[in-house]
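Here is the structure we will look at.
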Amino acid sequence: MNDKDLLDSLRLKLDPNHCTIKNWKNFASRWGMSYDELTLLEHRTQGSLSHSPTQEFLLRYNQKTVTELTELCRIYQRIDVLRLLQSWIEKDWPSRWQQTH
């Protein structure tokens with residue numbers, strides 16, 4: 001996943017830290033990031049407008065597919081993020097794929 005618009009939208013949805021809403025930490029932990037790695041990433045990106053923990057963990061796990069990310073959205077009941085990904089898959093991905101092929 002290297003589409004900047006999609007990454008920006010995911011950042012806006014997954015970066016905020018709310019005690020009742022699953023965010024980037026839950027997703028990254030599920031994909032194998034340790035507590036220490038999560039803490040380091042959180043501190044490194046805290047207060048930064050140019051560095052997003054969501055984008056950092058997605059870049060780290062860039063071998064994961066969009067389908068795997070949508071599955072995490074289902075597990076954590078992040079329907080807002082799931083809808084964003086589904087819209088991207090249905091509308092944006094086909095046109096971008098055709099432009100490159």
Side-chain angles (χ1 to χ4, degrees):
M1 233 182 348
N2 59 6
D3 184 272
K4 185 171 175 9
D5 295 335
L6 178 62
L7 287 174
D8 287 342
S9 297
L10 289 172
R11 175 184 60 81
L12 291 173
K13 292 188 177 295
L14 292 174
D15 275 4
N17 193 10
H18 299 287
C19 60
T20 59
I21 299 174
K22 303 298 184 189
N23 65 8
W24 70 271
K25 287 188 244 180
N26 303 97
F27 284 53
S29 176
R30 185 74 175 216
W31 278 351
M33 196 175 274
S34 72
Y35 176 80
D36 290 340
E37 292 171 309
L38 290 169
T39 303
L40 180 64
L41 180 57
E42 183 174 34
H43 287 296
R44 197 171 71 216
T45 58
Q46 196 168 27
S48 173
L49 296 175
S50 61
H51 295 290
S52 157
T54 299
Q55 290 177 348
E56 293 283 332
F57 107 79
L58 288 174
L59 289 172
R60 178 175 176 166
Y61 291 98
N62 66 359
Q63 78 281 7
K64 298 285 189 180
T65 65
V66 174
T67 302
E68 289 173 290
L69 185 56
T70 60
E71 184 56 33
L72 284 183
C73 293
R74 286 186 185 93
I75 290 169
Y76 291 122
Q77 299 178 0
R78 286 301 306 263
I79 304 306
D80 57 331
V81 180
L82 181 61
R83 286 186 180 145
L84 173 70
L85 290 168
Q86 288 173 334
S87 174
W88 183 79
I89 291 168
E90 293 168 5
K91 296 176 186 168
D92 295 329
W93 174 247
S95 64
R96 291 170 201 257
W97 187 84
Q98 288 175 350
Q99 289 173 359
T100 60
H101 289 84

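Here the structure is a predicted model, which is why all the values come from computation and not from measurement.
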Hphob cluster co-occupancy, Ile79 + Phe27, side-chain heavy atoms under 4.5 angstrom
no
Is there a path of hydrophobic side-chain contacts, each under 4.5 Å between heavy atoms, that joins Leu59 and Leu12?
no
If you measure from [atom1] on [X] to [atom2] on [Y], what distance do you get to the nearest 0.5 Å?
X	Y	atom1	atom2	answer
Cys73	Glu68	SG	CD	12.5 Å
Trp24	Met33	CH2	CE	7.0 Å
Leu82	Ser87	CG	OG	11.0 Å
Gln46	Leu41	CD	CG	11.0 Å
Leu69	Leu14	CG	CG	7.5 Å
Lys13	Leu84	NZ	CG	6.0 Å

Enclosure of Glu71 CD (heavy-atom neighbours >12, cutoff 6.0 Å):
yes
Please say whether more than 12 non-hydrogen atoms of neighbouring residues, nucleotides or ligands are located less than 6.0 Å from CZ in Arg83.
no
Considering only heavy atoms from C-beta outward, does the side chain of Val66 approach that of Trp88 to under 4.5 Å?
yes
Just so I know, are the side chains of Leu10 and Leu85 near enough to count as touching, which here means a heavy-atom distance under 4.5 Å?
yes
Sub-3.5 Å donor-acceptor pair from the side chain of [X] to the main-chain atoms of [Y], do we have one?
X	Y	result
Thr70	Thr67	yes
Arg78	Lys22	yes
Asn26	Asn23	yes

Between Ser52 and Asp15, which heavy-atom pair has the shortest distance, and what is it?
OG-OD2, 2.8 Å
Closest non-hydrogen atom pair, Lys25 against Leu38:
O-CD2, 3.9 Å
Hey, what's the ring geometry for Tyr61 with Trp31, parallel, tilted or perpendicular (30° and 60° as the breaks)?
tilted
Checking side chain to side chain contact (heavy atoms under 4.5 Å, CB included) for the pair His51/Arg44: CA distance, chi angles, key distance, verdict?
CA-CA 8 Å; His51 295 290; Arg44 197 171 71 216; over 6 Å; no
Working for side-chain hydrogen bond (donor to acceptor under 3.5 Å, both in side chains), residues Glu42 and Thr39
CA-CA 5 Å; Glu42 183 174 34; Thr39 303; 5.4 Å; no
